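The structure appears below as structure tokens.
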Amino acid sequence: MVNFLILAGGFTAYIASYLFNTDDNTLTYLHQYKTGGNPSWIISHPTNKSILYATNENVPHGDIQSFTVGSEGALTLVDTVSSGGSGPPYCAGLSTGQVAVVNYGSGTARVVPTKDHGLHFSKDSDVWTFPVPTTGTQGVSEPHMTYQYGSEVFIPDKGNDKIWRLGSVNGNPGDYVVHGEIQHPIGSGPRHIHIRDNVLYTIHELASTLTLQEVPSYPNGTSQILSSVSIIPPNPPAGSSFAAAEILIPQLTAEYPTPYIYTSNRNTGVQDPRGDAIAIFEHVNNQLVLRNQVYTGLDQIRGMMSGEQAGFGGEAYIVAAGYAGTAGVKVFKRTEGGANLEEVAVNTVIPTRTSFVWLNEHQV
């Protein structure tokens, strides 16, 4: 029997924990742990799964929090530090021991040094502000993610239609500077990215598109978008309004030898009775090829995460939830080598969640 713990953040004042049993395909709600307001994004420390980071996506002042993770996913708050702005939707631990965070509501970002093996935050790092866009539709900078690639930090900016490239200054903790940018189509709104084999995959919230291109050369090179495809499912209801949200590309295994790309549609308008779809793509000869649209019964899929985080066969599963509605949390099994998904478990105790972390019993 393999049991997985799943921690789930959302727009509440707590993080919830669930137990997923792969023998009988049950998803059991366990507990909820008090946090700061709106822990919309949660993520494990990159090398120590007993440490969890969470953003508090509050306006006008957001925070990052650190927790220790104990038995059954029990969380104990350790430290809190300002995110350096308003509405932080994302943070991530870096291999340098720092935590990068972006602030969607104020167009700012910060890299926060840590101490005590990542549990406590330093308070003295700089906050930088991205420029106000002169093109596009948003009129403000809206950074949405931080992604470490080598020594750089990439930050997709939905408002500027760019992916900023940041590097450290002389290796000083918390001291980073923008040294490059990757332009994306005006009005597309890059939200989240994934890099695999030096290929940059970008999901665009405003255009609901997925693109691929080579990672431009360091520090500020350019590269052509080789493929751009819509992720919107066919024949959506009148009044639909789509805003793409998440992208996953699980690592390859013997059972899953093809690096399928999973993207979440988020319909903020009139809902399809089948719910939002997860679009599955394959990269074939520098083109993105749609393999499937899997309807989930979820409303506005903002949170979606691969179980590969937990090891022990977790790569066979994806957990997802809606930002709206009452469908709760669902676990899907990857079938047909990953080209399809099958719903195997659901729990509706908490109607909505927005982010997830997978753990196995050996990690806590």
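One-based numbering along the sequence shown. The structure displayed is predicted, hence computed values, not measured ones.
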TODO: Answer yes or no: does atom CD of Gln138 have more than 12 heavy-atom neighbours from other residues, nucleotides or ligands under 6.0 Å?
DONE: yes
Task: Partners passing side chain to side chain contact (heavy atoms under 4.5 Å, CB included) against Thr352 (at least two apart in sequence or in another chain) - done: none
TODO: Go through the steps for Lys333 and Glu315 under the test salt bridge (charged side-chain N to carboxylate O under 4.0 Å, His left out), then give the verdict.
DONE: CA-CA 9 Å; Lys333 186 170 184 178; Glu315 68 278 358; over 6 Å; no
Task: Donor-acceptor under 3.5 Å (Arg165 side chain, Pro216 main chain) - done: yes
- [ ] Decide yes or no for Asn21 and Thr28: does some side-chain heavy atom of the first lie under 4.5 Å from some side-chain heavy atom of the second?
- [x] no
Open item on the list: Is there a side-chain hydrogen bond (donor to acceptor under 3.5 Å, both in side chains) between Thr96 and Gln98? Walk through the geometry before answering.
Closed with: CA-CA 6 Å; Thr96 57; Gln98 302 170 91; 2.8 Å; yes
Task: Ile195 vs Val215 side-chain heavy atoms within contact, under 4.5 Å - done: yes
Task: For Phe20 against Ala345, the heavy-atom pair lying closest together - done: CE1-CB, 3.9 Å
TODO: Report yes or no: does Ser86 contribute a side-chain atom to a donor-acceptor pair with the main-chain N or O of Val59 at less than 3.5 Å?
DONE: no
Task: Whether Asn160 side chain and Asp157 backbone form a donor-acceptor pair below 3.5 Å - done: no
Open item on the list: Tell me whether the rings of Trp358 and Tyr317 are parallel (<30°), tilted (30 to 60°) or perpendicular (>60°).
Closed with: parallel
Task: Any donor-acceptor N/O pair, Ser188 side chain to Ala207 backbone, under 3.5 Å - done: no
Open item on the list: If you define the side chain from C-beta out and look only at heavy atoms, does anything of Pro156 sit under 4.5 Å from Arg191?
Closed with: no
Open item on the list: Run Thr296 and Phe332 through side chain to side chain contact (heavy atoms under 4.5 Å, CB included) and show every step you take.
Closed with: CA-CA 9 Å; Thr296 64; Phe332 298 86; 3.7 Å; yes
Open item on the list: Pair Gln213, Gln224 - check side chain to side chain contact (heavy atoms under 4.5 Å, CB included), show working.
Closed with: CA-CA 6 Å; Gln213 66 192 113; Gln224 179 183 359; over 6 Å; no
TODO: Could you tell me which residues satisfy side chain to side chain contact (heavy atoms under 4.5 Å, CB included) with Asn58, sequence neighbours excluded, listed by chain and number?
DONE: Asn38, Asn56
- [ ] Assign the ring pair Tyr53 / His45 to parallel, tilted or perpendicular, where the plane angle (0 to 90°) is split at 30° and 60°.
- [x] tilted
Open item on the list: Looking at Asn170 and Asn172, would you say the former's side chain and the latter's main chain have a donor-acceptor pair under 3.5 Å?
Closed with: no
Open item on the list: To the closest 0.5 Å, what do you measure between OG (Ser141) and CD1 (Ile155)?
Closed with: 9.0 Å
Open item on the list: Could you check whether atom CG of Asp24 has more than 12 heavy atoms from other residues, nucleotides or ligands sitting under 6.0 Å from it?
Closed with: yes
Task: No-hydrogen, no-angle side-chain donor-acceptor test under 3.5 Å, His194 and Glu246 - done: no
Task: ILVMFWY cluster, Tyr14 and Tyr18 together (side-chain gap under 4.5 Å) - done: yes
Open item on the list: Using the rule given for ring pair (Phe, Tyr, Trp, His ring centres under 6.0 Å), can you reason through Trp164 versus Phe154, listing the C-alpha separation, both sets of side-chain angles and the distance that settles it, and then say yes or no?
Closed with: CA-CA 6 Å; Trp164 304 106; Phe154 284 35; over 10 Å; no
Open item on the list: Under a 3.5 Å distance rule, please check whether Ser66 uses its side chain to pair with a backbone N or O of Leu119 as donor and acceptor.
Closed with: yes
Task: Evaluation steps, side-chain hydrogen bond (donor to acceptor under 3.5 Å, both in side chains), between His204 and Thr209 - done: CA-CA 5 Å; His204 301 87; Thr209 53; 3.1 Å; yes
Task: Donor-acceptor contact below 3.5 Å, side chain Asn267 vs main chain Ser241 - done: yes
Task: Counterpart residues, side chain to side chain contact (heavy atoms under 4.5 Å, CB included), relative to Ala277 (two or more places apart) - done: Pro233, Asn265, Gln293, Tyr295
Open item on the list: Within this structure, what is the NE2-OG1 distance for the pair His192 and Thr146, rounded to the nearest 0.5 Å?
Closed with: 9.0 Å
Task: Criterion salt bridge (charged side-chain N to carboxylate O under 4.0 Å, His left out) on Arg266 and Glu205, from CA distance to verdict - done: CA-CA 9 Å; Arg266 185 172 47 140; Glu205 179 176 335; 3.2 Å; yes
Open item on the list: For Asn235, I'd like to know if atom CG has over 12 heavy atoms of other residues, nucleotides or ligands within 6.0 Å.
Closed with: no
Open item on the list: With side chain to side chain contact (heavy atoms under 4.5 Å, CB included) as the criterion, how do Lys162 and Ile182 come out once you've worked through the C-alpha distance, each side chain's angles and the decisive distance to 0.1 Å?
Closed with: CA-CA 5 Å; Lys162 300 179 188 292; Ile182 304 171; over 6 Å; no
TODO: Return yes if some donor-acceptor pair links the side-chain N/O of Ser223 with the main-chain N/O of Glu214 below 3.5 Å, else return no.
DONE: yes
- [ ] Might you work through the side chain to side chain contact (heavy atoms under 4.5 Å, CB included) test for Ser264 and Arg302, ending with a clear yes or no?
- [x] CA-CA 7 Å; Ser264 68; Arg302 171 169 165 165; over 6 Å; no
Open item on the list: With a 4.5 Å cut-off on side-chain heavy atoms, are Ser17 and Tyr33 touching?
Closed with: yes
TODO: Please report the shortest heavy-atom distance between Pro46 and Leu94, naming the atom on each side.
DONE: CG-O, 3.7 Å
- [ ] Could you check if a side-chain atom of Arg353 sits within less than 4.5 angstrom of a side-chain atom of Thr12, using non-hydrogen atoms only?
- [x] yes
Task: Whether Asn360 side chain and Phe4 backbone form a donor-acceptor pair below 3.5 Å - done: no
TODO: Would you check if there is a donor-acceptor pair between the side chains of Thr108 and Asn103 at a distance under 3.5 Å?
DONE: yes
Open item on the list: Using a 4.5 Å cut-off between side-chain heavy atoms of Ile, Leu, Val, Met, Phe, Trp and Tyr, which other residues end up in the same hydrophobic cluster as Tyr218?
Closed with: none
- [ ] Identify which one of Val344, Asn25, Ile318 satisfies the side-chain contact (heavy atoms from CB on, under 4.5 Å) criterion when paired with Val331.
- [x] Val344
Open item on the list: Using a 4.5 Å cut-off between side-chain heavy atoms of Ile, Leu, Val, Met, Phe, Trp and Tyr, which other residues end up in the same hydrophobic cluster as Leu290?
Closed with: Val199, Tyr201, Ile203, Leu210, Leu212, Leu226, Val229, Ile231, Ile247, Ile249, Ile261, Phe281, Leu288
Task: Test item: side-chain donor near acceptor, Asn340 and Asn292, under 3.5 Å - done: yes
Give every donor-acceptor pair under 3.5 Å between a side-chain atom in residues 75-82 and any protein atom, sequence neighbours left out.
unit_1: Asp79; atom_1: OD1; unit_2: Lys123; atom_2: NZ; d: 3.4
unit_1: Asp79; atom_1: OD2; unit_2: Phe121; atom_2: N; d: 2.8
unit_1: Thr80; atom_1: OG1; unit_2: Gln65; atom_2: NE2; d: 3.1
unit_1: Ser82; atom_1: OG; unit_2: Gly84; atom_2: N; d: 3.0

Task: Within 6.0 Å of NE2 in His117, more than 12 heavy atoms from elsewhere - done: no
- [ ] Using modelled atom types only, decide if a donor and an acceptor are shared between the side chain of Ser83 and the backbone of Gly62 within a distance under 3.5 Å.
- [x] yes
Task: Approximate separation, where rounding is to 0.5 Å, of Ile15 CD1 and Leu7 CG - done: 7.0 Å
Task: Any donor-acceptor N or O pair under 3.5 Å, side chains Glu152, His179 - done: yes
Open item on the list: I'd like to know whether the aromatic ring centres of Tyr323 and Phe11 sit less than 6.0 Å apart in this structure.
Closed with: yes
Open item on the list: Is there a ring pair (Phe, Tyr, Trp, His ring centres under 6.0 Å) between Tyr90 and Tyr104? Walk through the geometry before answering.
Closed with: CA-CA 9 Å; Tyr90 198 101; Tyr104 176 86; over 10 Å; no
